[in-house]
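Worth saying up front: this structure is predicted, and the values here are computed from it rather than measured. Numbering of residues begins at 1 and proceeds along the displayed sequence.
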Amino acid sequence: MQHIAVIGAGTMGNGIAHVFAQNGHKVNLIDISEDSLAKGLTTITKNLDRMLAKEKISESDKVATLNNISTFTILKEGVTNVDLVVEAASENLTVKLGIFKELDAICDESTILATNTSSISITQIAAATNRPQKVIGMHFMNPVPIMQLVEIIRGYSTSDETTQQIMELSSHLGKTPTEVNDYPGFVANRILMPMINEAIETLYNGVAGVSEIDTVMKLGMAHPMGPLQLADFIGLDVCLSILNVMYDGFKNPKYAPCPLLVNMVTAKKLGVKSGEGFYDYSESRKAEKVSSQFS
């Protein structure tokens, strides 16, 4: 499985492309925006430079990685003759269904179609194709070049052969693949998002402040990052989307997003990406200053 296509040049897409390319795979990075592709390549280059400065890779490794990546704005051109497509586009069911329906029509019958979705049903995505046995979830963690886990999600019809191929491929990337079944939120977000939501509820109910909640979880529970800081890092819009998927999927009120989270997303206070969430990132990307709304 040497030739890989990655759809989406954003945070997850360029990270996935980076990891495949660094491990010797030819990668077609696809995005409808030339600007997004340029930004994605810039990010990959900066990340490689950090690794070079830390002597984790050599200059020749950096050059080889960048040479392994080609960019495309036309989907059909980018997925021709590839062994695997990894979709890392917007976390939107309608968008993903459209992409997979198109991929099914234009890709070789042998091509495996994977999605990096963090919560959307693999079975539902696979139903948009005529090859559900070759559709699977590859949920990489952010930042992709650093985080070890890849959640491998089997849809209802995903074959043993497809699962085994993707498990082996993920191991080849130096990751730790973990197989899970297809239920809302899978494992990572089914456990993580209710914790983040409860931290937001704790703030909303006035039990403690932003930095106090994060301090308790960091020092008391040995979490490397507090849940409110982590929510800012993930993106509050992404957190809300995942919680809504789980709430719709399980119809259980414990997954209902906190009204404070809903209001913050409506106000476009999305965390690091917007410059403000529970913390103020106008001067630093580090969570050092609590947002004025909560201070």
Side-chain angles (χ1 to χ4, degrees), residues 1-22 25-48 65-108 111-122 124-131 134-145 234-238 240-242 244-245 265 268 270-275:
M1 202 172 288
Q2 287 300 310
H3 205 164
I4 314 296
V6 178
I7 300 174
T11 300
M12 296 305 296
N14 70 61
I16 294 167
H18 172 162
V19 168
F20 274 109
Q22 189 177 328
H25 299 272
K26 295 296 183 183
V27 179
N28 293 352
L29 183 58
I30 308 164
D31 200 292
I32 58 174
S33 166
E34 288 276 10
D35 185 52
S36 293
L37 287 168
K39 289 179 179 177
L41 287 176
T42 297
T43 298
I44 293 170
T45 303
K46 287 180 179 178
N47 288 335
L48 288 168
T65 298
L66 292 172
N67 285 341
N68 278 337
I69 302 173
S70 302
T71 59
F72 296 82
T73 55
I74 299 173
L75 183 65
K76 186 173 183 179
E77 294 179 1
V79 300
T80 299
N81 297 324
V82 300
D83 303 304
L84 168 69
V85 179
V86 182
E87 173 272 323
S90 173
E91 189 72 352
N92 178 291
L93 177 60
T94 302
V95 171
K96 291 187 187 298
L97 292 179
I99 290 172
F100 273 78
K101 184 175 181 180
E102 188 173 358
L103 288 173
D104 188 49
I106 60 181
C107 289
D108 294 341
T111 303
I112 293 174
L113 307 180
T115 175
N116 183 58
T117 182
S118 55
S119 60
I120 296 173
S121 167
I122 307 303
Q124 192 170 6
I125 291 172
T129 76
N130 292 309
R131 63 180 87 189
K134 286 187 169 291
V135 177
I136 196 166
M138 291 184 78
H139 181 205
F140 290 85
M141 305 293 132
N142 184 27
V144 180
I234 294 168
L236 301 192
D237 53 338
V238 176
L240 178 59
S241 174
I242 295 169
N244 280 331
V245 167
V265 172
K268 301 190 185 307
L270 308 180
V272 176
K273 71 173 84 173
S274 69

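Judged as a ring-ring contact (aromatic ring centres under 6.0 Å, His included), and not counting sequence neighbours, Phe100 has no contacts. Listed by chain and residue number, Asn130, Arg131 satisfy the side chain to side chain donor-acceptor pair (under 3.5 Å) test with Asp104 (two or more places apart in sequence, or in another chain). Remark: Lys273 engages Asp237 in a salt bridge (Lys or Arg N to Asp or Glu O under 4.0 Å) (not counting sequence neighbours). For Thr11, there are no side chain to side chain donor-acceptor pair (under 3.5 Å) partners at least two apart in sequence or on another chain. Remark: Lys39 engages Asp35 in a side chain to side chain donor-acceptor pair (under 3.5 Å) (not counting sequence neighbours).
Annotation for Lys134 and Thr111: closest pair CD-O, 3.9 Å, computed over non-hydrogen atoms. Of all non-hydrogen atoms in Cys107 and Leu113, the two that sit nearest each other are SG-CD2, 4.2 Å. The shortest non-hydrogen separation linking Gly271 to Leu236 is N-CG, 4.4 Å. Annotation for Leu29 and Ala17: closest pair CD1-CB, 4.0 Å, computed over non-hydrogen atoms. Closest approach of Gly137 to Ile122, counting heavy atoms only: CA-CD1, 3.7 Å. Residues Ala89 and Ile99 come closest through the heavy atom pair CB-CD1, 3.7 Å.
Ile112 is listed as a side-chain neighbour of Ile136, based on a closest heavy-atom distance under 4.5 Å. Taking 4.5 Å as the limit, every side-chain heavy atom of Val85 sits out of range of all side-chain heavy atoms of Ile30. Side-chain contact between Val265 and Leu270 is present, with heavy atoms from C-beta onward closer than 4.5 Å.
Residue Thr117 holds its OG1 atom at 10.5 Å from CE of Met12, rounded to the nearest 0.5 Å. To the nearest 0.5 Å, atom NZ of residue Lys46 and atom NE2 of residue His18 are 14.5 Å apart. Separating the CG atom in Asn92 from the OG atom in Ser241 is a distance of 8.0 Å, to the nearest 0.5 Å. For the atom pair CG (Asn14) and CG (Leu37), the distance works out to 10.0 Å, reported to the nearest 0.5 Å. Rounding to the nearest 0.5 Å gives a distance of 11.0 Å between NE2 of His139 and CD1 of Ile120.
Judged purely by atom type and a 3.5 angstrom limit, Asn116 uses its side chain to pair as donor or acceptor with the backbone of Phe140. Judged by distance alone, the side chain of Asp31 and the main-chain N or O of Ser36 form no donor-acceptor pair under 3.5 Å.
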Could you pull out every donor-acceptor pair under 3.5 Å between side chains of residues 71-83 and any protein atom, sequence neighbours left out?
{"from": "Thr80", "atom 1": "OG1", "to": "Lys76", "atom 2": "O", "distance (Å)": "2.7"}
{"from": "Asp83", "atom 1": "OD2", "to": "Gln2", "atom 2": "N", "distance (Å)": "3.0"}
{"from": "Asp83", "atom 1": "OD2", "to": "His3", "atom 2": "N", "distance (Å)": "3.0"}

task = Using the side-chain contact (heavy atoms from CB on, under 4.5 Å) rule, take Val6 and Val27 through it: C-alpha gap first, then chi angles, then the decisive distance, then the call.
result = CA-CA 7 Å; Val6 178; Val27 179; 4.0 Å; yes

inquiry  = I'd like to know whether Glu91 forms a side-chain contact (heavy atoms from CB on, under 4.5 Å) with Val245, so could you lay out the CA-CA distance, the side-chain angles of the two residues, the decisive distance to 0.1 Å, and finally the verdict.
reply    = CA-CA 11 Å; Glu91 189 72 352; Val245 167; over 6 Å; no

request  = May I have the step-by-step check of side-chain contact (heavy atoms from CB on, under 4.5 Å) for Asn68 and Lys26, ending in yes or no?
outcome  = CA-CA 5 Å; Asn68 278 337; Lys26 295 296 183 183; 3.1 Å; yes

task = Evaluate the criterion side-chain contact (heavy atoms from CB on, under 4.5 Å) for residue pair Asn142 and Ile234; output intermediate values, then yes/no.
result = CA-CA 8 Å; Asn142 184 27; Ile234 294 168; over 6 Å; no

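Sparse packing is recorded around CD1 of Ile32, with 12 or fewer heavy atoms of other residues, nucleotides or ligands lying under 6.0 Å away.
No side-chain donor from either of Thr65 and Gln22 sits under 3.5 Å from a side-chain acceptor of the other.
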